[in-house]
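Shown next, in structure tokens, is the structure this report addresses.
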Amino acid sequence: MGSVEHKNMPRLVMKFGGTSVGDVERIRRVARLVAAERQSGRGIAVVVSAMSGETNRLVDLAQQAGQGLPPELFDDEYDVVVATGEQVTTGLLALALRGMGIPARSWQGWQIRVASSSTHGSARISDIDADEVAAAIDAGEVAVIPGFQGVTEEDRITTLGRGGSDTSAVAVAAALKAERCDIYTDVDGVYTTDPRLVPKAQRLEKISYEEMLEMASLGAKVLQTRSVELAMAKRVPVRVLSSFVEPGEANPGTLVCDEDEIVEKQIVSGIAYSRDEAKLSLKGLQDNPGVAADIFGRLAEANINVDMIVQAPSRTEGAVNMTFTVPEREADRALALMSAAQQQIGFEQVEVKKDVSKVSVIGVGMRSHVGVARVMFDALSRKGINIENIATSEIKISVLIDSSYTELAVRALHTAYGLDAA
Ligand code: ASP
Ligand code: MG
């Protein structure tokens with residue numbers, strides 16, 4: 001491999017997740033993909049995750065050693081332990097690259113200075129000082145950077161929260177003013193819906209930031225939600241593509257970009273679903289100002305995320321029914337909280353239903369097209385699926401249904417919006 005050295009050459013960030021760097025053989029393949037991009041005249045920064053399973057192992061070790069410690073004595077050293085998974089991968093990849101004759105070095109989070117908040121375990125990046133790395137990259141060296149890591153003002157090591165490497169990669173791309181951030185993963189792109197559920201799902205060529213954000217927060221696990229938020233804020237084009245290919249093989253992936261760059265806009269781009277939902281209903285609730293604030297204040301204080309909220313008149317004169325959803329794993333806690341406060345809040349009874357799913361259709365085209373909701377309700381009613389709750393945003397319609405119909409609903413909607421592959 002000859003030396004590559006240009007002034008003003010475009011920079012590219014390539015990010016590889018845990019399965020893509022799961023063993024040394026895979027790390028070698030990553031090195032080959034990096035070499036090929038470098039050969040095309042780009043300055044390269046590679047952001048890597050820990051080898052698959054490694055973060056879990058480290059979390060477990062920290063929990064064993066720190067058993068019973070309060071957060072103020074645990075969280076900072078937890079970060080010291082779990083941040084090492086990524087350090088290992090950076091060194092291994094730098095070695096593999098050097099073995100191919102490519103100049104490369106690792107830069108730990110504290111060395112570049114990925115400055116972060118001091119919220120250990122879920123820190124947020126505040127600033128990246130990329131000057132020195134940028135100079136090394138422009139001189140032809142590949143910079144290998146750990147995802148997930150940050151450093152506080154007091155020089156303490158932090159981590160960004162599980163799945164945080166995607167966010168690191170986008171932040172590095174923004175700091176380097178890279179032309180794109182390529183996220184290599186174990187799927188070959190973003191699909192119209194979960195291909196395991198719907199074999200006729202199609203890979204999207206492009207998707208807007210807004211739609212991707214909805215998809216990510218609705219359960220499509222391709223990218224960490226925060227990474228999409230950051231990409232949107234900094235206008236970093238992100239491409240999601242497969243890491244299980246050799247250089248030169250077709251690997252178009254999906255480009256997550258500005259809406260304006262998508263010429264052929266679909267009205268609906270994707271269907272997302274989540275089974276991790278539970279519905280709580282407070283029946284015969286007194287209809288006074290401050291009641292909703294009381295209910296949702298209690299849930300917020302307990303850190304329970306509330307999603308779809310519907311209030312409707314009750315059979316009891318002067319009372320209402322309040323229905324809302326929470327993540328299924330929080331259902332028991334939410335129920336206990338409501339039951340304990342029955343007198344103070346003022347309701348007749350509370351019910352919980354856990355076997356519900358949320359199915360959502362997402363598309364920026366909804367802003368300018370009518371009838372999108374009707375297609376959804378028609379398709380569901382033709383399959384005899386009852387809608388228990390509805391929520392909408394500018395680019396999304398979500399319904400809550402009995403979970404046994406999840407698959408049927410997603411398939412019916414995929415067909416109804418013309419998303420099925422030929
Ligand atoms: N290694 C970290 C995790 O497993 C960060 C990441 O891979 O995104 O959560
Ligand atoms: Mg990941």
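Numbering of ligands and ligand atoms starts at 1, following listing order.
Sorted by first and then second residue, the pairs that involve residues 411-422 and meet side chain to side chain donor-acceptor pair (under 3.5 Å), not counting sequence neighbours, are T192-H414, E407-R411, H414-D420, T415-D420. Each side chain to side chain donor-acceptor pair (under 3.5 Å) pair with one or both residues in residues 85-100, not counting sequence neighbours, appears once here: T90-Q108.
Side-chain atoms of S126 come within 3.5 Å of backbone atoms of A115 as a donor-acceptor pair (strictly under, hydrogens ignored). Remark: side-chain polar atoms of S403 are paired, donor with acceptor, to backbone N or O of V356 under 3.5 angstrom.
Applying the 4.0 Å criterion to heavy atoms of S49 picks out, from ligand 1, the atoms 6 (C), 7 (O), 8 (O). For ligand 1, the atoms sitting less than 4.0 Å from at least one non-hydrogen atom of R162 are 3 (C), 4 (O), 9 (O), numbered in the order shown with element in parentheses.
In this structure, E86 counts as a contact residue of ligand 1, since one of its heavy atoms falls inside 4.0 Å of the ligand. The closest approach between any non-hydrogen atom of G147 and ligand 1 is not below 4.0 Å. The shortest heavy-atom distance from G18 to ligand 1 is not under 4.0 Å.
Looking at S393 and K396, their side chains come closer than 4.5 Å, going by heavy atoms from C-beta outward.
For T55, a nitrogen or oxygen atom sits less than 3.5 Å from a nitrogen or oxygen atom of ligand 1, counting backbone and side chain alike. The distance criterion of under 3.5 Å between nitrogen or oxygen atoms is met by G163 with respect to ligand 1.
Of the heavy atoms in Q224, none comes closer than 4.0 Å to ligand 1.
Using cut-offs of 30° and 60° for the angle between ring planes, the F324 and F296 rings count as perpendicular.
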